[in-house]
Number of protein chains: 2
Amino acid sequence: MTKRTDIGADLTKNQSLVMSALAGSKGPMSAYSILDEIRSDGVRAPLQVYRALDKLVEFGLVHRLESLNAFVACQHPACDGRKEKTVLFTICETCGGVQELVKDRLSKAIEGLARELEFSPSKSTIELRGMCSACKTATEN
Amino acid sequence: MTKRTDIGADLTKNQSLVMSALAGSKGPMSAYSILDEIRSDGVRAPLQVYRALDKLVEFGLVHRLESLNAFVACQHPACDGRKEKTVLFTICETCGGVQELVKDRLSKAIEGLARELEFSPSKSTIELRGMCSACKTATEN
DNA sequence: ATGGCACATGTTATATCGTAACACAAACAC
DNA sequence: GTGTTTGTGTTACGATATAACATGTGCCAT
Ligand SMILES: [Zn+2]
Ligand SMILES: [Zn+2]
Ligand SMILES: [Zn+2]
Ligand SMILES: [Zn+2]
């Protein structure tokens with residue numbers, strides 16, 4: 001009961017439930033809001049959700065947004081699996097929308113910096129908070 | 001009792017206490033560990049610490065590390081005041097050391113990306129977790 | 001087959017991080 | 001003085017995350 005090479009395939013029961021909740025959500029979800037969604041499926045305790053999230057993050061199917069204490073389903077085809085890439089998130093504080101990006105120039109800049117500092121990153125967090133283009137045009141009414 | 005144009009000058013009592021605790025610490029501190037440090041000075045409740053931290057962050061004297069839920073005194077002369085620059089933190093998971101950097105290449109990459117996406121950032125969070133050079137050489141014994 | 005192992009699960013209790021709501025005091029503007 | 005802003009103090013609570021312990025389930029080496 002494990003393989004996971006296909007997106008969403010062969011997850012355990014709790015992992016599937018958490019994944020579905022996230023995949024069905026427009027924006028990021030907190031662990032507790034995920035729990036509320038899947039209580040009806042028999043999940044009762046926060047720990048069950050956190051454990052599933054840990055695995056999903058490890059698999060690269062879910063990302064944690066540190067500045068929100070929340071989680072999103074991976075939107076980026078290039079994350080495919082646990083390959084460590086430098087991912088950036090934009091988070092619109094008006095509509096709550098999150099966009100996930102991998103940009104070569106940015107990755108290069110980070111890698112170069114790490115080399116220069118002789119710092120070995122195991123994980124990078126890059127989050128931009130602000131206003132997305134859609135909300136901006138909506139405000140200019 | 002406010003001016004703050006000089007580092008650390010003219011902070012309120014609670015702000016000074018929090019600032020001193022942070023300045024005297026080698027690494028980042030959680031709000032509650034700051035509270036423990038300054039209980040002896042008459043600060044009793046978390047809210048007093050959080051309020052002081054909010055102001056200190058606003059002044060640019062303190063930064064919040066989102067991936068740690070903790071705070072550090074600003075190490076970077078160029079942060080001088082509340083000027084919004086793109087700051088990056090390296091966080092060593094072995095020794096707990098934090099380094100704060102402002103790098104032009106990185107700032108440019110972020111700015112370019114934001115322009116390209118028509119995203120208007122109000123705040124950026126860039127944190128690299130990993131192992132610092134000192135801990136690496138210490139491990140290669 | 002059976003005992004051992006790895007891994008997922010279930011459950012209770014607790015730790016840690018952060019804020020709402022209300023009251024009061026000091027500084028300042030007019 | 002009176003109103004306004006800003007900092008403060010206190011209680012209570014909400015939100016996020018983990019410790020500790022017990023159970024179940026598939027796998028597989030002996
Ligand atoms: Zn992704
Ligand atoms: Zn938006
Ligand atoms: Zn700084
Ligand atoms: Zn180190």
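These numbers come from the heavy atoms of this one structure, side chains and all, not from hydrogens, waters or symmetry mates.
Look at Asn69(B) and you'll find a side-chain N or O under 4.0 angstrom from OP1 or OP2 of dG18(C). Taking only side-chain nitrogens and oxygens, Tyr32(A) never comes nearer than 4.0 Å to OP1 or OP2 of dT16(D). Here Arg51(B) does not reach the OP1 or OP2 of dT10(D): none of its side-chain N or O atoms lies under 4.0 Å away. Using a 4.0 Å cut-off, some side-chain N or O of Thr12(A) falls inside it from OP1 or OP2 of dT9(C). For Lys13(A), no side-chain nitrogen or oxygen approaches OP1 or OP2 of dG24(D) to under 4.0 Å. Contact annotation: Gln48(B) side-chain N/O to dT8(D) OP1/OP2 distance is not under 4.0 Å.
Leu68(A) and Phe119(B) are assigned to two separate hydrophobic clusters, defined by single-linkage of ILVMFWY side chains at heavy-atom distances under 4.5 Å.
Regarding Gln15(B), its CD atom lies at a distance of 11 Å from the C1' atom of dT8(D), rounded to whole Å. Atom-to-atom, CZ of Phe71(B) to C1' of dT16(C) comes out at 13 Å; the value is rounded to the nearest Å. If you measure from atom CG of Asn14(A) to atom P of dT25(D), you get 14 Å, rounded to the nearest angstrom. Taking atom CG on Asp54(B) and atom C1' on dT8(D), their separation rounds to 14 Å, with Å as the unit. For the pair Tyr50(A) OH and dT11(C) C1', the interatomic distance rounds to 17 Å; values are reported in whole Å. Taking atom CG of residue Leu47(A) and atom P of nucleotide dA8(C), one finds them 13 Å apart after rounding to whole Å. Distance CG (Leu35(B)) to C1' (dG9(D)): 13 Å, rounded to an integer number of Å. Counting to the nearest Å, the P atom of dG9(D) and the CG atom of Leu17(B) are 9 Å from each other.
Using a 4.0 Å heavy-atom criterion, one finds that Arg44(B) contacts the sugar-phosphate atoms exclusively.
Between the side chains of Glu66(A) and Thr125(B), no donor-acceptor pair of N or O atoms lies under 3.5 Å.
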### Message
Between Glu93(A) and Lys123(B), does the salt bridge (charged side-chain N to carboxylate O under 4.0 Å, His left out) criterion hold? Intermediate values first, please.
### Response
CA-CA 10 Å; Glu93(A) 292 175 319; Lys123(B) 169 162 196 254; over 6 Å; no
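Sorted by residue number, the members of residues 20-31 of chain A with any non-hydrogen atom under 4.0 Å from DNA chain D read Ser30(A).
No donor-acceptor pair under 3.5 Å is formed between the side chain of Arg64(B) and the backbone N or O of Phe71(B). Ser25(A) contributes no side-chain N or O that, together with a main-chain N or O of Ala21(A), makes up a donor-acceptor pair within less than 3.5 Å. Remark: the backbone N or O of Glu118(A) is paired with a side-chain donor or acceptor of Lys136(B) at under 3.5 angstrom.
Taking CG of Leu106(A) as the start and CG of Leu113(B) as the end, the distance is 6.5 Å to the nearest 0.5 Å.
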